Amino acid sequence: MEQASNCYVLMTASSKEEEVCRFLNENEGIDAFSPKMEFYHRVADEIRLKTLFPGYIFVLTMLNQKEVDERFRHFPLKNTSFKELKYEGVSALKPEEKHILRMLLDEKRILRMSKGILLNKKLHVLEGPLTGMDEYIIKYDKHNRLATLNLTFLDQRWVVGVLCKENDR
């Protein structure tokens, strides 16, 4: 995520993120995306991608709030709607939330799986985007290979993929 851009958050139907992003990206000066995350699919025994925040779209632009409001008011797609997420009339993304997104997403806007080890029932991340963030991990689901972080974003806790080995030292 570029640092100089304003970042706006839109809510839409969870099956319509890509359609709305395609339309918005046809507009000059708008970079819309729906972040993805890698996760372990147990049945297929492989790493797959899924939407990180179903129903949410992020828009990076140099446009100010008034210009964005005007641009979003004229949305022509049928059977698809969205609403800008605002708190007290201002875009929803706070500077610390933008920082977390920049820190965890790669250049393709994917949250890659981290790799770690379980030591005395505590997860220690050895590589990946969660490296150095062990203190934020409040729960690890070994069965689904998911770590829950003590970080909220869009009023949700972050749940991220972590491949882990056990070591009973």
Side-chain angles (χ1 to χ4, degrees), residues 1-44 46-115 127-131 133 136 144-149 151-163:
M1 291 186 42
E2 299 110 42
Q3 205 151 0
S5 296
N6 295 316
C7 188
Y8 302 95
V9 180
L10 308 178
M11 294 183 298
T12 190
S14 61
S15 61
K16 300 287 187 177
E17 299 100 349
E18 296 306 317
E19 182 180 354
V20 173
C21 284
R22 272 192 303 276
F23 170 77
L24 290 173
N25 285 327
E26 291 173 1
N27 291 275
E28 188 175 331
I30 291 182
D31 180 14
F33 65 97
S34 177
K36 306 289 184 241
M37 71 172 269
E38 290 183 333
F39 74 103
Y40 176 73
H41 191 278
R42 287 183 293 139
V43 175
E46 66 185 15
I47 306 296
R48 292 191 176 172
L49 287 179
K50 70 178 182 178
T51 302
L52 182 59
F53 299 109
Y56 291 95
I57 296 165
F58 297 82
V59 176
L60 297 176
T61 182
M62 295 307 291
L63 300 174
N64 64 35
Q65 187 70 59
K66 185 177 176 184
E67 293 167 324
V68 164
D69 290 344
E70 182 61 30
R71 182 92 46 110
F72 290 166
R73 196 167 301 142
H74 305 291
F75 191 74
L77 291 180
K78 291 182 177 149
N79 302 322
T80 303
S81 63
F82 63 83
K83 178 183 175 192
E84 187 178 354
L85 185 61
K86 293 182 183 179
Y87 298 109
E88 300 171 9
V90 179
S91 174
L93 229 51
K94 302 173 187 116
E96 56 272 12
E97 291 172 322
K98 284 172 64 173
H99 175 72
I100 291 169
L101 277 179
R102 272 193 302 275
M103 198 170 69
L104 296 179
L105 300 180
D106 70 8
E107 65 282 345
K108 292 183 179 180
R109 296 173 174 142
I110 297 172
L111 176 55
R112 300 291 176 184
M113 288 199 66
S114 293
K115 294 179 182 169
E127 72 179 73
L130 295 182
T131 302
M133 297 181 67
Y136 290 100
N144 293 306
R145 301 178 187 180
L146 294 170
T148 302
L149 304 181
L151 292 173
T152 55
F153 193 81
L154 302 175
D155 294 325
Q156 309 173 43
R157 287 222 188 261
W158 283 78
V159 177
V160 299
V162 180
L163 295 174

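Remember, predicted model here, so these are calculated numbers, not experimental data.
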Residue list, salt bridge (Lys or Arg N to Asp or Glu O under 4.0 Å) with E96, at least two apart or on another chain
none
By salt bridge (Lys or Arg N to Asp or Glu O under 4.0 Å), which residues pair with R157, not counting sequence neighbours?
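Salt bridge (Lys or Arg N to Asp or Glu O under 4.0 Å) check on R157 returns nothing, list empty.
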Closest approach of [X] to [Y] (non-hydrogen atoms, all atoms of both residues):
X    : Y    : answer
R145 : M113 : O-CE, 4.1 Å
V162 : A147 : CG2-CB, 3.8 Å
I30  : N25  : O-OD1, 3.4 Å
S14  : P54  : CB-CB, 4.0 Å

Hey, does [Y] have a side-chain heavy atom less than 4.5 Å from the side chain of [X]?
X    : Y    : value
D31  : T61  : no
L130 : L149 : yes
L111 : P35  : no
L52  : L105 : yes
E67  : N6   : no
L104 : V160 : no
L151 : I100 : yes

Sole residue of L85, T12, L10 in side-chain contact (heavy atoms from CB on, under 4.5 Å) with Y56:
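By the side-chain contact (heavy atoms from CB on, under 4.5 Å) criterion, Y56 pairs with just one of L85, T12, L10: L85.
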Could you give the distance from [atom1] ([X]) to [atom2] ([Y]), rounded to the nearest 0.5 Å?
X   : Y   : atom1 : atom2 : answer
K16 : R22 : NZ    : CZ    : 10.0 Å
F39 : I47 : CZ    : CD1   : 9.0 Å
Y8  : L63 : OH    : CG    : 7.0 Å

Go through the steps for M37 and I110 under the test side-chain contact (heavy atoms from CB on, under 4.5 Å), then give the verdict.
CA-CA 5 Å; M37 71 172 269; I110 297 172; 5.9 Å; no
Chi angles and distances behind the side-chain contact (heavy atoms from CB on, under 4.5 Å) call for L24, V59
CA-CA 9 Å; L24 290 173; V59 176; 4.1 Å; yes
Is the count of non-hydrogen atoms from other residues, nucleotides or ligands lying under 6.0 Å from H41 atom NE2 greater than 12?
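Yes - once you tally the heavy atoms of other residues, nucleotides and ligands closer than 6.0 Å, there are more than 12.
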Does a side-chain N-to-carboxylate-O contact under 4.0 Å join E17 and K36?
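A salt bridge is absent here (no side-chain N lies under 4.0 Å from a carboxylate O).
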Kindly assign one of parallel, tilted or perpendicular to the pair W158 and F53, based on the angle between their ring planes and the thresholds 30° and 60°.
perpendicular
